[in-house]
2 protein chains.
Amino acid sequence: MNKATGKVKGRRAILIGGVPMDMDNCPVRDVMDHIGGKWNSLMILMLADGPLRFSELRRLIPDISQRMLTQTLRDLQRDGYLSRTVYPTQPPSVEYGLTHLGRSFLAVLRLFVDWSVENHEAIRKARAEFDAPV
Amino acid sequence: MNKATGKVKGRRAILIGGVPMDMDNCPVRDVMDHIGGKWNSLMILMLADGPLRFSELRRLIPDISQRMLTQTLRDLQRDGYLSRTVYPTQPPSVEYGLTHLGRSFLAVLRLFVDWSVENHEAIRKARAEFDAPV
DNA sequence: CTGGATCCAACTTGATACTG
DNA sequence: CAGTATCAAGTTGGATCCAG
């Protein structure tokens, strides 16, 4: 997907378990395209326990660049996962927190996280076996 | 992530809800990197009702290129989600089906799919509101 | 039929410098 | 403090041709 234009490349309708799925406007792809980024899910997890400020997030996630932090937060806010509150202090401070939608998604995300942790070893094993020179 | 080398770029350890998470070897990112591709999840959904052959998958998913179909199937097989069975016919036919791990992941994936369908409208609405010229 | 190999355009991310 | 702008580099996915 092209995040700049919002346009997607030609997808048509296909059947999933007999249910027609419009590939040009697929909810699953739409959600996945927007939370599948490198930092998006992590951001939601970081905010699970309460709102944090821009600088706090940058400190908590040392590897993220300023640019990606800004972009990730704006994308998540745009899709309704995060709320953004500006406090008119000097200098200004901005706080980000999960919305109702964000907390709703957090539940699904946590299942995914749990599954990943539980099955990571099995995956690594399968991978090693596949890569084995035989 | 670099799929060729398997190397990841410098990620360190951060805290998620007080729990240290090794960013250089994060199970969640590892799983997400490998099933977050354009076709991977769709492939698992397509095989939910039983094994399918290469040519059947290509027919059922018209938009996928031969290259991506091959690559997606191999990636999923490598990670243990799919099994690959070759029938020594002439010409050869190959059947792909979900493994136990694949079916296990399917359950999580279905929750994600359901959530996406349920909340897609809310997301679209939030997006439109955010983009409103105001 | 089921792939492998190559080339290439688009998209994503990072580094760095600058601003209200 | 919380961003924006610009440039550089890496990855992904698609088109096409070839092979067992």
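Just so you know, these numbers use all the heavy atoms, side chains as well, and skip hydrogens, waters and symmetry mates. Naming convention: chains lettered A, B, ... in sequence-line order (proteins, then strands); numbering from 1 in each chain.
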[X] [atom1] to [N] [atom2], straight-line distance once rounded to whole Å:
X	N	atom1	atom2	result
R59(B)	dC1(C)	CZ	P	11 Å
Q71(B)	dT6(C)	CD	P	14 Å
L69(A)	dG3(D)	CG	P	8 Å
I61(B)	dT2(C)	CD1	C1'	16 Å
R74(B)	dG13(D)	CZ	P	13 Å
M68(B)	dC11(C)	CE	C1'	14 Å
L73(A)	dA2(D)	CG	P	10 Å
R53(B)	dC1(C)	CZ	P	8 Å

Among I35(A), D33(A), V28(A), exactly one meets side-chain contact (heavy atoms from CB on, under 4.5 Å) together with V31(A). Which residue is that?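 For V31(A), the side-chain contact (heavy atoms from CB on, under 4.5 Å) check succeeds only for I35(A).
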When the nearest nucleotide of DNA chain C is assigned to P91(B) and to T70(B) on a heavy-atom basis, which residue is associated with the more 5' position?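 Final value for this comparison: P91(B).
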Given that G36(A) and P92(A) both sit by DNA chain C, which one's nearest nucleotide is further toward the 5' end?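 Here G36(A) is the residue nearer the 5' end.
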Distance in Å, S116(B) OG paired with L111(B) CG, rounded so as to fall on 0.5 Å steps: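 Answer for the OG-CG pair, S116(B) versus L111(B), is 10.5 Å.
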Under 4.0 Å, counting only non-hydrogen atoms across every strand here, what does Q66(B) touch: a base, just sugar-phosphate, or nothing?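 The residue Q66(B) makes base contact.
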Scan Y87(B) against the nucleic acid and name what it touches under 4.0 Å (heavy atoms): base, sugar-phosphate only, or nothing.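 Nothing: the residue Y87(B), judged by heavy atoms under 4.0 Å, touches no strand.
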Donor-acceptor pair present, R67(B) side chain and dT12(D) base, under 3.5 Å: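 Flag unset: no donor-acceptor pair detected.
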Taking only side-chain N and O atoms of S55(B), does any of them lie within less than 4.0 angstrom of OP1 or OP2 on dT2(C)?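 Yes, S55(B) has a side-chain N/O under 4.0 Å of OP1/OP2 on dT2(C).
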Examine dC1(D): is either OP1 or OP2 under 4.0 Å from a nitrogen or oxygen in the side chain of Y96(A)? Give yes or no.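 Negative; the distance criterion is not met.
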Do F105(A) and Y81(A) have ring centres separated by under 6.0 Å?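 Here the rings of Y81(A) and F105(A) have centres that are less than 6.0 Å from each other.
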From the list [options], which nucleotide is the closest neighbour of the side chain of [X]?
X	options	value
K38(A)	dA2(D), dG14(D), dG14(C)	dG14(C)
S65(A)	dG14(D), dG14(C), dC1(D)	dG14(C)
R58(B)	dG14(C), dC1(D), dT2(C)	dT2(C)

Check whether any side-chain heavy atom of F54(A) sits under 4.5 Å from a side-chain heavy atom of R84(A), and report yes or no.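 Side chain of F54(A) against side chain of R84(A), heavy atoms only: no contact under 4.5 Å found.
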Please tell me whether Y87(B) and E95(B) have a donor and an acceptor in their side chains that are separated by less than 3.5 angstrom.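 There is such a pair (donor and acceptor under 3.5 Å, judged by atom type) between the side chains of Y87(B) and E95(B).
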